[in-house]
Structure formats: C-alpha cells, structure tokens
Amino acid sequence: METSDFQVNTLIIGSGAAALNAAICLYEAGQKDILIATEQWGGGTSNNAGSDKQTYYKLSTDPGIPDSAKEMAADLSSGGAMHGDIALIEAQYSLQAFYHLVRLGVPFPHDQYGAYPGYKTDHDPKARATSAGPLTSHLMFECLARKVKEYQIPIHDGVVIIELLTRNTPEGKAIAGAVGIKEHDTDGLSSGEIRYHAQQVILATGGPAGIYRDSVYPESQTGSIGLALKIGAKAQNLSISQYGIASVKFRWNLSGSYQQVIPRYFSADPTTGQTNEFLQQAFPSPEALFSAIFLKGYQWPFDPKKVANHGSSLIDVLVHREIAEGRKVYLDYTRNLLGFNINDIGQTAREYLEKSGAIGETPIERLRLLNQPAIDLYRAHGIDLTREPLEIAVCAQHNNGGLTGDIWWESNIRGLYPIGEVNGSHGLTRPGGSALNAGQVGGIRASFHITHTPHPTPHTPHPTPHPSQPISDTIDLSSALTAIQDRMSNHAGPIRDRETIGQQVKEAWDLWRKLNKLPEPKSPISRIAYYRTLDLCLTHAVYLESIDEHLKQADDEEFIKTNILEVQLDDDLNLQKNWIPVRPIPSNELWFEAVWKEYLNNNKQKPSVDEPK
Ligand SMILES: Cc1cc2nc3c(=O)[nH]c(=O)nc-3n(C[C@H](O)[C@H](O)[C@H](O)COP(=O)(O)OP(=O)(O)OC[C@H]3O[C@@H](n4cnc5c(N)ncnc54)[C@H](O)[C@@H]3O)c2cc1C
C-alpha cells in the first residue's frame, strides 16, 4: 500500500460547520499553510441534520430585549457543570460568529431596520434563538464551504484519520500530526496511508454518533473522539448527552408540530403482531396524556425533571421501555388515540390548535392544517404519513460533553484544538442552538491562538505503538459494532441503571481487549473499518465508565451541578477520573484605558502565557 507524507502548519480534521469556519478564520488571519482532511466532504451532522426550526443561539439583537454577555453566560451555564469563563466567551463571541455567517449569506430573517428577531428556545429566558429554517446548519455548511473553495484551501476528501501523532516536549505531550487512510484514488491523491506532519491540529470530528443504535445523527456521521482519548487528551462531561423521540427509517426529530397534533402512539410485538396503546396505562386521565404529548412539541429533549407528575418526558421513558422489552414503537397520524376528544386536550393545546386553524378530525388532518411541509418532508423520503405508521425510538442527538479545551479551545495536548461537538464545553443543560454557536466560537478562538502563539517546529513524531497479536477469540467487526451500539442505546441512553452499568463497563473493556488483539488488515477499506470499530469501542468503554462514575454521585444534585467530571486515559489505557469544581463566570470590571494599554503591550491581544489551562 502506498504511503505519502504532507507537511502543513495546521491540519484541520473534518468538514462540518466548525471545521470550515476555523479554516476560514485561519486563512483570514494570515495562516494559509492549512489543509482540511475529511472522510467525506458534505458528510457529518452540520450538512445533513435539521429539525422543525433548527436554532442558532446568540446574544439578543431584538431592540426590545436588553441583553448582556454576562446574562447570556449565566443562562448558558445555569444548568450546572459548565465553566463560567467558557460560557462568557461563547456569549461574548456569539454576535461576531453570527454576523460572520450573515455576511457569508446564511439567510437569518431580519426586518428593514436590521433587527434579527429572536424566539425562546429551551433553557432560554431571553428569546435569543434565531433560525434560517429547518436546515440552518446545512445552510451554514453551504455558505462556509463556498468561502473555503473561494480561498482555495486544500481539501483532502475521502481521508479517514485513524491516529493522532504526538511528540514529547519539556512541557508535556504536544501534537505532531495525524495518520489517515484514503480509500480510493481521487483528486490527484492515491489510495493508501497519508502521514500529515503538523504543528497544530484542529480536531472537528463532531459527535460520537457511531456508538448508538438509536440515533438521529445523520448516517454519514460516525465521530472519532477515540483518536484523541487514546493519546491522553482530557475529556469532560462525557456522561451528559441529549436524547429525544425521532423516526428511525428516515432520521428526523419529532418535535414541534409532529407532537402538537397529538398523534397516536402504539407499540407492536414483532412476533405476534399484537398492538398496544401503551401510554394510556401510565397516565391518570386521557386529558393528562393528550396534553403531555402536545407539550412534547415544545419540550423535545428528554429531561429527567419532566418525568414526575406525568410530565412530557415520561413519554420518552415509556417508549424506551417498550423498545427495551423487544417491541417496536410507532406514531400513527391516520387515527386518534382511543378515547380522544378534542375537548379533552387541555386549554393550552386547544387554544394553540384553534388559533392555528388546525382543529381537524384526525392527527393527519390537524398536521395538514398546521404544517403541510412536515408531511411533505417525509413523503420526500419515501414515507407517507397519510397511510403508514412511523417507527420511532428515543434517539441520541447531541453530546454536551467531549474533549476538554482551555479558554483558547486548546486541549492538554499542546497544539491540539478540539472544536465543534467533539469539544465538551456544555454542561448539564444547554439552550437549544448553543451547539452551533459553540462550534463557530471554538474556531474563532483556536485560530486566534494559533496565529498568535509561536509553536516550535515539530520533530519526528512518535507513532503510537499498535500491538498486533494472534487472535485468541473469534470476533468479527460488524458483530462488535452491533454489540457496541446495542450496549449504548440499551444501557447508556436516556435511562441508566446504576446496578447494571458496572457489568456493561466490564463487557465494553473485554470487547476492546478482544478487538485490540486482531491483526491489522492490509487493504485501505478493511483498515478503515478496523480502526473505526476500534475507535468506537474505546469511545464506548470510556463513555460507560464516565456514566458509571456520574451515577455514583447522582444523588448529590448540588455536587453534580458544581463539579465537572474530567477523565483521561493514561499510557496503559487506565481511565483516570477527576471531579473538578466549576470555574465561575469571570467578574472583573472592564476599564477601557486599562484594557487598551494591556492590549497594546500584549501585541494586540496576544494571549498571555499564564492564562489558565
Ligand atoms: C437532528 C439534529 C438536530 C440538531 N439541531 C440543532 C439545533 O437546532 N441547534 C444547534 O445548535 N445544534 C443542533 N444540533 C447539533 C449540531 O447540529 C451539531 O452539534 C453540529 O452541527 C456539529 O458540527 P461539527 O462541525 O462539530 O461536526 P459535524 O458537522 O458532524 O462534522 C464532523 C466532520 O468530521 C468528519 N470526520 C469525523 N471523523 C473523521 C475522521 N476520523 N477523519 C476525517 N474526518 C472525520 C465528518 O465527516 C464531518 O465532516 C442538531 C443535531 C442533530 C443530529
């Protein structure tokens, strides 16, 4: 197999919204010795995910709603387990990032006076959310990609990075590059191994989609956080993810109108075919059930606080339980639930449907009146809601945790900058839309740091030794992947059991040890599958261990909110776990003359070396 070598100042891994913005920021700041290596141009979450009204979160630009970065930082971190300095930076840079997207052509709606109005999203008291429609992140990708092409930033497409390279320095480990595999000969690049020697690596590989069976991440997103975990990069809050009800054949969040029209939920036994309206038994009255379904439209993500007292998240628990017991669960828009009466749906739901002119006989009629495009969307993907039930599951959608970055998004591995969803900047909760903002802000910060910090020329990198031993157990990669995904969706999704999680941790590491003994295959395509599975296996073991540790502390709500669980693999792949206190929102008062003087002294805001890591 051919091996080629590339030397570049900054390697950017991935081509989602976070990666592309980082490339543009570096280029515009004068660092043009950059290269994007991505497994699939156009793949990943940003370009392929969407929802009812896909949201971008930023400081309020509504002239009627006063706001400040400090207030936004407080709201970003109000759920706990988020560092205050990171929240302040995400708030502070949110407008810069937003207007950058506006300038690139993302069609965020505004009025004739230049106001970009907002609406309230979850965990948001200030109506800071905005949207360019159901495909906001896709539009971001398109506009960012156009600029990357205009700047002729080199792109290595079809390259899967399988390993990060490091070198030892007196200050500790530093990044030295990465190894990728290219499956096919395209764009003047031969298939085979590519070694990238780089002073900095921006890792923008997105969320860990591939570890889940029940997932609303797009099929093209797998995630590669294991690459960084393996070289000892710190991670945090890995146990905190977002889940919600989504369709599984065509992956799409069933939020907003899909729930507000109160569809019929039922489960079916795949062997007997017997169906059951299983939600009915768990709610004290039809009215309580109908209004919980309606509320799910606004309260889409699973929230453990909304389970008690027949809250909307009880539905997620019950759907999850049906699936765990071997039944399939569906939404049916062609018929009402047993006992449905439009007068029994609760005042809020009734008023909403009335004002929207959507009082229809059946859920599909109500949906047609409320939001015809919601029906068209499924039809475009071969599913006719007017005739067939829609299979659903409680699906993984976003990882609030991820790799740990400092205030410049640099990890503990010097020169390695995790940005976008692979960076775990969020806490226990996050306002809807803050993921897209955090991804853009991360790119601005990382590129600023890279262009203002001298990084020494790399020496020859040390590849991570990969022991190849005879196979002691027979195991094939696809059954290993199924085991990983089943384990995560059954035991590490929205419902977790502290009694059984320890056994899952053990089985996860056993699987990792078995896989690690497999000999490395030779062809590019088999090597990609082999490293992918290994990466996902390591990832799921580390996630499960973090969840286990989190569950041990879960009863102490105050502790969970005021501390963050950091984890790090040592050289023997033992996981070190450390709870660290949440850093507060910085409260230093700004005095213009003082900041100006410091700015000039520091060569126009060059980051000072003793900034906290
Ligand atoms: C259904 C859905 C709805 C959402 N709605 C919202 C919303 O309304 N608001 C919001 O803020 N967020 C939302 N999110 C989350 C948000 O879309 C993502 O967090 C964000 O798009 C991630 O961007 P990213 O650039 O970090 O990663 P991605 O866009 O996922 O890009 C990752 C890139 O890395 C590449 N890659 C991965 N591994 C490798 C490797 N080993 N080698 C080379 N390349 C690799 C992939 O091919 C891809 O190009 C939603 C997510 C989903 C799934």
Distance from [X] atom [atom1] to [Y] atom [atom2], nearest 0.5 Å?
| X | Y | atom1 | atom2 | value |
| --- | --- | --- | --- | --- |
| K306 | D316 | NZ | CG | 10.5 Å |
| E410 | T453 | CD | OG1 | 7.0 Å |
| E219 | R251 | CD | CZ | 4.0 Å |
| E142 | S46 | CD | OG | 12.5 Å |
| I13 | I202 | CD1 | CD1 | 10.0 Å |
| N400 | S241 | CG | OG | 6.5 Å |

List the atom of [X], the atom of [Y], and the distance in Å for their closest heavy-atom pair.
| X | Y | answer |
| --- | --- | --- |
| R335 | P363 | O-CG, 3.4 Å |
| G311 | A292 | O-CB, 4.4 Å |
| V216 | C395 | N-CB, 3.6 Å |
| L337 | P263 | CD1-O, 3.8 Å |
| D214 | V394 | CB-O, 3.6 Å |
| A396 | Y217 | O-CD1, 3.6 Å |

Legend entry - Passing candidate, salt bridge (charged side-chain N to carboxylate O under 4.0 Å, His left out) with D85, options R583, R445, K70: R583
Can a donor-acceptor pair be found, under 3.5 Å and without considering hydrogens, that links the side chain of [X] to the backbone of [Y]?
| X | Y | value |
| --- | --- | --- |
| E361 | R366 | no |
| S94 | L59 | yes |
| N437 | E90 | yes |
| N47 | G42 | yes |
| E391 | S247 | no |
| W300 | N253 | no |
| S312 | K296 | no |
| N423 | W409 | no |
| T121 | A129 | no |
| S489 | R213 | yes |

Inset, instruction - Carefully, step by step, assess I24 and H100 under the rule side-chain contact (heavy atoms from CB on, under 4.5 Å). - result: CA-CA 10 Å; I24 293 168; H100 181 233; 3.9 Å; yes
Polar side chain donor-acceptor pair, [X] to [Y], under 3.5 angstrom:
| X | Y | result |
| --- | --- | --- |
| Y417 | T10 | no |
| Q54 | S137 | yes |
| D384 | T386 | yes |
| T404 | Q236 | yes |
| S60 | D62 | no |
| Q221 | N48 | no |
| Q260 | S257 | no |
| Y333 | E388 | no |
| S447 | Q31 | no |
| S15 | T38 | yes |
| D303 | Q299 | no |
| Y57 | T130 | no |

More than 12 heavy atoms of other groups within 6.0 Å of [X] [atom1]:
| X | atom1 | result |
| --- | --- | --- |
| R379 | CZ | yes |
| E150 | CD | yes |
| E589 | CD | no |
| D111 | CG | yes |

Legend entry - ring-ring contact (aromatic ring centres under 6.0 Å, His included) between Y378 and Y258, intermediate numbers included: CA-CA 11 Å; Y378 275 95; Y258 291 109; 5.6 Å; yes
If you take the centroid of each ring, where Trp contributes its six-membered ring, are [Y] and [X] closer together than 6.0 Å?
| X | Y | value |
| --- | --- | --- |
| F141 | W41 | yes |
| Y330 | F266 | yes |
| Y212 | Y543 | no |
| Y116 | F108 | no |

Inset, instruction - For side-chain contact (heavy atoms from CB on, under 4.5 Å), just list the numbers for I161 and V159, CA-CA rounded to whole Å, side-chain angles, deciding distance to a tenth of an Å, and then say yes or no. - result: CA-CA 6 Å; I161 300 296; V159 174; 4.2 Å; yes
Legend entry - Steps toward ring-ring contact (aromatic ring centres under 6.0 Å, His included) verdict (Y151, Y27): CA-CA 8 Å; Y151 286 158; Y27 185 94; 4.1 Å; yes
Any side-chain heavy atom of [X] within less than 4.5 Å of one from [Y]?
| X | Y | value |
| --- | --- | --- |
| L101 | Q440 | yes |
| T55 | T136 | no |
| C25 | I444 | yes |
| L203 | I419 | no |

Legend entry - Identified side-chain contact (heavy atoms from CB on, under 4.5 Å) partner of H426 from the options Q242, E421, H398: H398
Legend entry - Test side-chain contact (heavy atoms from CB on, under 4.5 Å) applied to Y99 and T61, step by step: CA-CA 11 Å; Y99 285 121; T61 43; 3.2 Å; yes
Salt bridge between [X] and [Y], side-chain N to carboxylate O under 4.0 Å?
| X | Y | value |
| --- | --- | --- |
| R430 | D122 | no |
| R368 | E365 | no |
| D75 | K126 | no |
| R350 | E354 | yes |

Inset, instruction - Kindly assign one of parallel, tilted or perpendicular to the pair Y352 and Y298, based on the angle between their ring planes and the thresholds 30° and 60°. - result: perpendicular
Inset, instruction - Decide yes or no on side-chain contact (heavy atoms from CB on, under 4.5 Å) for L26 and I153, but give the supporting numbers first. - result: CA-CA 10 Å; L26 279 168; I153 295 170; over 6 Å; no
